[in-house]
Amino acid sequence: MSGGSAAAAGLGLRSGSYGSLPAAVGGSGGARKAGARGWALRGEKERLQLLHRALRLVGRRRAGVLLLLAVASAAVFCSLFAVVKDDSSSISIVNNYEVPNAIQKSVYPSTTRPLMMSGNQYSSVVNKIELPNRIHLSYANFTHPCESFSVPPALVDKKRTGPRPCPVCYVSVDQAFALMPLEASPSHVLKNLNYISEDGIIANLSSQGSGFGGHPSLEQRNKSFDISESMTVHCGFVRGKKPGQGTGFDIKDDDLLEMEQCRELVVASAIFGNYDMIQHPRNISEFSKANACFYMFVDEETEAYVKNSSSLYNNNKVGLWRLVVVRNLPYEDPRRTGKIPKLLLHRLFPNVRFSVWIDAKLELVADPYLLLERFLWRKNATFAISRHYKRFDVFEEAEANKAAGKYDNASIDYQIEFYRNEGLSHYSPAKFPITSDVPEGCVIIREHIPITNLFTCLWFNEVDRFTSRDQISFSTVRDKIRARVGWMPEMFLDCERRNFVVQAYHRELLEQMIASGRRPPSTTDAPPSRKLRPGSRKAPPSKKPSVKRKKEKSSSRRRVPKPVAAGMGAM
């Protein structure tokens, strides 16, 4: 690879698009094993037929049948042994489209292996494990099976230039749990973080922001970036006794008590204004079902819709999701309200160590412990978020938001001009090791320590003060903190994000498509670049078919919408 292309790959610059990539890198190892096993079984069958003919010639039919059964049994036993051996692999290179089928058994074994348990305890359903009993692996003394893995170059496909997933190398769930750090990561400079409450301030109603955020003045906002060992900052929930009690964004006491019991990992999402359909996580291990918390925050409108439309609703649960109804919402805009659980999970779950935030439009298709290991622990990171697949520059992001009508143009222009006056500049490779100024903020993976909590508090304050478009304010908060303490979030490839989440349609758009008689293209269908097999559904013809193609075109051919790549759609 030339120096220029290497730099482009390092920055994630697009030289092509990801298509249907093999499930294993460095040669299709899985395919070779399956092919070899198929040839072995075919050869075994031919040998059995030959043996049967020989036995018939010597007239020993009874003995032949017995011998035939014995050989067949041995062949079946050997093939089963080979399958079990393959399925016990501790490494899986996963392509988004293959998760539900091919690697289900190898990544998420149905029986928990010894790494998770002490002594000879084996169980298909794992209860919560006390720390003294767990087996711990250290990265310093562990030969990581994904050490030599690298994302393969994008396949160039002129017919499909949009974003798509790429392979990601995961360890097994039990190894991921064993690699979890026993102690919290060190927090840069900041050791003690407190939050401003109504008792300690007099709200300045002339300042920007909201009552929920405490109307911080510009002076208070600037001072919050002066990081010291002990700090007190605005971080929402200014009123009331504690987050969720008389603060706006109010939650029942029973729910708050249960949220406080969540200790290790929370997977969270939210739907306000009945904007999205609930997406159910897939491929979640029994261990994660028993040890991780899955919370979906909804308003009363969304709760009523779920109760009437979902057959899975039962006692405030829908599948894995535990529904928490939020009342007295602090904002009229559902999207701005959604930023509260998205950025302030550490305030809602004060005892949690790690969190994975998933926008409601996304379906999680990988175990959350695999995500923690891959994007945090393996990289010694405390905060991970994917970068936008196409835009790296905040100014370009602002123009795209205006063109799409995401927010009123005057407010976006005001925010951008404010940041420009503070020193915001266009993105360029000269900013390396910063690889992008624009995140794809629909997934956030983080450890709850003071510095990451401060980052999301200050990020939320920008969302409360300016527009709700958090992609615009992300780089300003990041750069101010980095300039003072040297910490910044880890930004991974967008194609890696698309590996473990699949994007669905917003509820309103989905219902419109169904009402009009159109079949929504499935985000889990085979990639459009995959070759069509004989007899399979054909793709729609190009807009300007040739004269010859027009003549050959059958009048009975059905026009089918082109499948949408996983993760495409409204951002």
For a side-chain hydrogen bond (donor to acceptor under 3.5 Å, both in side chains) check, start with the C-alpha distance between Ser473 and Asp470, then their side-chain angles and the critical distance, and finish with the verdict. CA-CA 5 Å; Ser473 52; Asp470 52 20; over 6 Å; no

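Ring to ring, Tyr295 and Phe349 are close: their centroids are under 6.0 angstrom apart. The distance between the ring centers of Tyr369 and Phe287 falls below 6.0 angstrom.
Of all heavy-atom pairs between Ala360 and Ala270, the closest is CB-O, 3.2 Å.
Using a 4.5 Å heavy-atom cutoff, the side chains of Val463 and Arg335 are not in contact.
Thr382 and Trp487 form a side-chain donor-acceptor contact under 3.5 Å, judged by distance and modelled atom types alone.
Note that CZ of Arg374 is 9.5 Å distant from CD1 of Ile445, once rounded to the nearest 0.5 Å.
Residue-environment remark: NZ (Lys252) stays at or below the threshold of 12 foreign heavy atoms within 6.0 Å. Remark: Asn421 CG is packed, more than 12 non-hydrogen atoms of other residues, nucleotides or ligands lying under 6.0 Å away. Within a 6.0 Å radius of NZ in Lys289, more than 12 heavy atoms belonging to other residues, nucleotides or ligands are found.
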Anything under 3.5 Å between a donor and an acceptor, one on a side chain of residues 179-190, the other on a protein residue two or more places apart or in another chain? List them.
residue, atom, partner, partner atom, Å
Ser185, OG, Glu447, OE1, 2.7
Ser187, OG, Leu190, O, 2.7
Ser187, OG, Ile451, N, 3.0

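For the pairing with Phe466, the ring pair (Phe, Tyr, Trp, His ring centres under 6.0 Å) check across Tyr407, Tyr419, Phe460 returns one residue only, Tyr419. Among Glu373, Arg378, His144, the one residue that satisfies the side-chain hydrogen bond (donor to acceptor under 3.5 Å, both in side chains) test with Tyr139 is Glu373. Screening Lys431, Arg391, Arg387 for a salt bridge (Lys or Arg N to Asp or Glu O under 4.0 Å) involving Asp437 leaves a single residue, Lys431.
Taking Lys242 as the reference, Glu260 meet the salt bridge (Lys or Arg N to Asp or Glu O under 4.0 Å) condition, with sequence neighbours excluded.
Using the six-membered ring where Trp is involved, Phe297 and Phe249 have ring planes that are tilted, between 30° and 60° apart.
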